[in-house]
**Q** 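Handing you a structure now.
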Amino acid sequence: MLLRMLHSVTRSQKYEDGIKWKFLEHKGPYFPPEYQPLPDNVKFFYDGKAVKLSLAAEEVALFFAQMLDHEYTTKEVFRNNFLKDWRKEMTLEERMLITDLNKCDFGELHAMHKQKVEARKNLSKEEKQINKEANQKILEEFGYCMLDHHRERIGNFKIEPPGLFRGRGDHPKQGMLKKRIQPEDVIINCSRNSHIPEPPTGHKWKEVRHDNTVTWLASWTENVQGSCKYVMLNANSKLKGEKDWEKYEVARKLKSCVDAIRSQYQEDLKSKQMGTRQRAVALYFIDKLALRAGNEKEEGETADTVGCCSLRVEHITLHDALDGETCVVEFDFLGKDCIRYYNKVPVSKRVFKNLKLFMENKQEGDDLFDRLNTNMLNKHLTSLMPGLTAKVFRTYNASITLQQQLKGLTSDNVAEKLLSYNRANRAVAVLCNHQRAPPKTFEQSMASLQAKIESRKEQLELAKKELKLAKKEAKGSSDSKLLKKTVQRCEEQLLKMEVQATDREENKQIALSTSKLNYLDPRISVAWCKNMEVPLDKVYNKTLRDKFAWAIDMTEPDFVF
DNA sequence: GATACTACTTAGAATTATTAAA
DNA sequence: TTTAATAATTCTAAGTAGTATC
């Protein structure tokens, strides 16, 4: 694998163009269990009266009941969408009766669900072991496929169970019913000469095809957004690994021509063509601020989020002067997953002047870059460097930032080294705007760590005093030697905890995992660990070590991104 | 060149497993 | 041994970007 990779620096395909495999065999996806009807003693009430629902309506009612503790169920849009879709599952009679969600009492259903969760938690060790083994068996049977003589782990071999759609942010479709997928909805993709997967008894597949220009094993169309879902390989598979490696090689190639590209867009800021100037400013944002490309989206189908090319005039505010700086652009918009991007950035006079011009005679709702879209931008980028698209800048800037931040760090303590690594990782996460909701128990866990630090400090003081005393009495006695060790151990533990506290505080709202998993060339981290004599598993968990096996194999300590 | 469709990567939340503390 | 905290893993939504179709 390594040799083949080295031989084809940017094209890892071992087959002719577009062919992804020669042989693919699998068991098909695993379907979730059938709906289990409610026991007779658990009742749904409408307008104070018990109502026995039909099976289909009951199942959907339970989806809602299970979510009652969630904020979603308080939202107007969610409730309306739910009621509308729920009524579609009802019998005529039920539909006549149930018209107002506020008159629905899901209390007993909700209680039953909570009880079930609790019961599962309280299962005995043996029972849990039995469940575990059963899951293992399912994984063994459905979780793997044969792809070109290799047994590969499948990423998502389980069909998504039915439920209520949970969009992010203000999603217009939140609360809609996500329907149960039947084998009749599923397309199977595999080799003609493989053992074709059997559909569950009494069912047929929608289609069995043999398309080796794609990597998916099965697909179905999801009913809420009408988009396609795929069963694909796990990240640790050869196919995914090669693609990942290729991604980082393209980003490294950008490193060698980024200076030229930057000069070019600086030059383009002066262009007579409005379109060219817009492209230049957009590229400047993408490069400097690591913004996403920003494809257009269908209005009203999803939450209102934007990326670079889809920014609207209301998303930026121009300040001739702000906080002692001139030409400041204030960004405030919702990006992917409705994560807010807020930033105040001083820019060059030329960029600023262009932005003012782009905003002229426009009103709220108008595109900032009205002469530009992601397609045009990427066409331009690909002409500057093969394989270059907007998202490569994120990969490049993330990885180069990590490498720079890690340079010249010195410490002999592993905990301190790890803090430095996490800080470098954090710089990248900030750049890419990878945020998370602060953990629910954050304040509490911070306080308990602080308390531990205090008690350890006291312990250390005490140990120090005792040592002093012991030294006075008899130099070099076994007693004082022992105490010396205690003091040392205390100091180490204290340092470790203090470092941990700093790390955690700084990490409150920042998610490190996304950049680690998707943006940072793993060879930088592997080489750093080797150079700094930090065990790799301090930085990468099992999943990451698996995913980045290719990098762990090939990286020498002198690797430079 | 608009736009619909397809295939794939990237994303944070939710769930589950593991470890540490009580 | 039990419980609570933390870490790992799973889940699936939401992006990017290429191609097909008009």
Side-chain angles (χ1 to χ4, degrees), chain A residues 18 20 67 70-72 117 120-122 125 128 131-132 135 139 143 155-161 163 165-169 171 173-174 178 187 189 211 213-216 219 221-222 224-235 239-240 243-244 247 292-298 301-303 305-310 334-339 373-379 381-382 387-392 394-395 398 429 432-437 439-442 444-446 448-449 452 500 504 509-519 537 540-547:
Chain A
K20 306 290 169 57
M67 285 183 76
H70 206 288
E71 204 200 336
Y72 270 121
V117 170
R120 195 150 29 118
K121 219 170 63 186
N122 293 333
K125 232 179 185 172
K128 279 185 181 165
N131 283 342
K132 207 172 162 184
N135 284 330
L139 175 69
N156 56 329
F157 61 91
K158 288 179 178 164
I159 295 274
E160 294 172 18
F165 177 74
R166 297 150 96 116
R168 305 279 171 87
H171 196 115
K173 298 195 172 187
Q174 64 187 99
K178 194 170 110 166
I187 303 173
N189 192 34
D211 183 355
T213 68
V214 296
T215 65
W216 54 269
S219 72
T221 302
E222 159 271 340
V224 175
Q225 321 225 53
S227 64
C228 212
K229 299 266 188 171
Y230 300 93
V231 171
M232 289 199 190
L233 294 177
N234 189 277
L239 208 63
K240 292 271 190 194
K243 196 84 188 297
D244 207 35
K247 174 180 82 183
R292 295 188 184 82
N295 285 321
E296 297 117 295
K297 338 200 289 178
E298 219 177 327
E301 294 293 298
T302 61
T305 61
V306 296
C308 185
C309 293
S310 50
L334 296 181
K336 182 177 179 179
D337 291 310
C338 287
I339 298 295
N373 61 39
T374 53
N375 209 306
M376 296 156 75
L377 180 67
N378 282 335
K379 280 242 171 74
L381 289 174
T382 309
L388 186 61
T389 60
K391 85 185 187 97
V392 179
R394 262 167 89 82
T395 312
C432 294
N433 201 36
H434 291 145
Q435 299 187 30
R436 60 166 185 177
K440 284 200 178 75
T441 54
F442 185 83
Q444 194 186 329
S445 92
M446 223 40 218
S448 85
L449 184 58
K452 266 199 285 186
Q500 195 187 7
R504 196 181 294 177
Q509 297 198 69
I510 297 172
L512 300 185
S513 55
T514 303
S515 49
K516 223 184 222 186
L517 193 63
N518 300 300
Y519 288 103
D537 61 3
Y540 283 163
N541 63 33
K542 170 86 165 53
T543 308
L544 288 166
R545 291 199 301 277
D546 254 13
K547 166 166 179 169

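So you know, we letter chains A, B, ... as the sequences are listed, proteins then strands, and number each from 1.
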**Q** Is the NZ atom of A:K128 crowded by more than 12 outside heavy atoms at less than 6.0 Å?
**A**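 Result for NZ/A:K128: enclosed.
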**Q** Looking across every strand, which nucleic acid part, if any, lies under 4.0 Å from A:Q435 by heavy atom: base, sugar-phosphate, or nothing?
**A**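 A:Q435: backbone/sugar contact only, no base atoms under 4.0 Å.
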**Q** Using a 4.0 Å heavy-atom cut-off, does A:T215 contact any base of the nucleic acid, only the sugar-phosphate backbone, or nothing at all?
**A**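 Answer is sugar-phosphate: A:T215 comes under 4.0 Å of backbone atoms only.
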**Q** Indicate, with a heavy-atom threshold strictly under 4.0 Å, whether A:K128 touches base, sugar-phosphate, or nothing.
**A**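 Nothing: the residue A:K128, judged by heavy atoms under 4.0 Å, touches no strand.
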**Q** Considering only side-chain heavy atoms of A:N541, which listed nucleotide, B:dG12, B:dT9, C:dA8, is closest?
**A**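 Nucleotide nearest to A:N541's side chain: C:dA8.
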**Q** Do any N or O atoms of the protein come closer than 3.5 Å to N or O atoms of nucleotides 16-22 of chain B, and which pairs are they?
**A**
{"unit_1": "B:dA21", "atom_1": "OP1", "unit_2": "A:K452", "atom_2": "NZ", "d": "3.0"}

**Q** For a quick test of reading the model: is some side-chain N or O of A:K243 closer than 4.0 Å to OP1 or OP2 of B:dT9?
**A**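 It does, given that an N or O in the side chain of A:K243 lies less than 4.0 Å from OP1 or OP2 of B:dT9.
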**Q** Measuring from the side chain of A:K391 (C-beta onward, heavy atoms only), which nucleotide among B:dT10, C:dG15, B:dC8 has the closest atom?
**A**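 Comparing B:dT10, C:dG15, B:dC8 against the side chain of A:K391, the answer is B:dT10.
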**Q** Between A:H171 and C:dA13, is there a side-chain N or O to OP1/OP2 distance below 4.0 Å?
**A**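 Indeed not, no polar side-chain atom of A:H171 lies that close.
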**Q** With under 30° as parallel and over 60° as perpendicular, where do the rings of A:F165 and A:H171 fit, or are they tilted in between?
**A**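 Rings of A:F165 and A:H171: perpendicular, over 60°.
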**Q** Closest approach to the side chain of A:A390, judged atom by atom: which nucleotide of C:dA17, B:dA14, C:dT9 is it?
**A**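 In terms of side-chain proximity for A:A390, the closest of C:dA17, B:dA14, C:dT9 is C:dA17.
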**Q** Between B:dT10, C:dT12, C:dA17, which nucleotide gets closest to the side-chain atoms of A:K336?
**A**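 Per side-chain heavy atoms of A:K336, the pick is B:dT10.
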**Q** With sugar-phosphate meaning primed atoms plus P, OP1 and OP2, does A:G294 contact a base, only sugar-phosphate, or nothing at under 4.0 Å between heavy atoms?
**A**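 The residue A:G294 makes sugar-phosphate contact but no base contact.
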**Q** Name the closest nucleotide to the A:K178 side chain, picking from B:dA14, C:dA8, C:dT12.
**A**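 Per side-chain heavy atoms of A:K178, the pick is C:dT12.
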**Q** Just N and O in the side chain of A:R504: are any of them under 4.0 Å from OP1 or OP2 of C:dA7?
**A**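 Checking A:R504 against C:dA7: no side-chain N or O falls below 4.0 Å of OP1 or OP2.
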**Q** So what does A:L517 hit on the nucleic acid, given a heavy-atom distance under 4.0 Å: a base, only sugar-phosphate, or nothing?
**A**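 Nothing, no nucleic acid heavy atom in range.
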**Q** Assign A:A303 to base, sugar-phosphate, or nothing according to its heavy-atom contacts below 4.0 angstrom with the strands shown.
**A**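 Since no nucleic acid heavy atom lies under 4.0 Å of A:A303, the category is nothing.
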**Q** Is a side-chain N or O of A:Y230 found less than 3.5 angstrom from the main chain of A:N156, in a donor-acceptor match?
**A**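 No; zero donor-acceptor contacts below 3.5 Å.
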**Q** Measure across A:K297 and A:A303 and return the closest heavy-atom pair with its distance rounded to 0.1 Å.
**A**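 Scanning both residues, the minimum pair turns out to be NZ-O, 2.9 Å.
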**Q** As a test of reading the structure: which of B:dC8, B:dA13, B:dT9 is closest to the side chain of A:K20, going by heavy atoms?
**A**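 Output: B:dC8.
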**Q** For DNA chain B, whose closest nucleotide is more 5', that of A:N375 or that of A:Y230?
**A**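 Of the two residues, A:N375 wins.
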**Q** Touch check for A:Q225, heavy atoms < 4.0 angstrom, all strands: base, sugar-phosphate only, or nothing?
**A**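 Touches sugar-phosphate only.
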**Q** Between A:T514 and B:dA11, does any side-chain N or O lie under 4.0 Å from OP1 or OP2?
**A**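 Result: no.
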**Q** Starting the side chain at C-beta, find the nucleotide from C:dG18, B:dA13, C:dG15 nearest to A:R292.
**A**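 Minimum distance to the A:R292 side chain belongs to C:dG15.
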**Q** Between B:dA11, B:dC8, C:dT12, which nucleotide has the shortest distance from any of its atoms to the side chain of A:Y519?
**A**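 Comparing B:dA11, B:dC8, C:dT12 against the side chain of A:Y519, the answer is B:dA11.
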**Q** Would you indicate which nucleotide in C:dA17, C:dC11, B:dG12 comes nearest to any side-chain atom of A:K158?
**A**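 It is C:dC11.
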**Q** Choosing from B:dA14, B:dA7, C:dT12, which nucleotide comes nearest the side chain of A:P161?
**A**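 The closest nucleotide is C:dT12.
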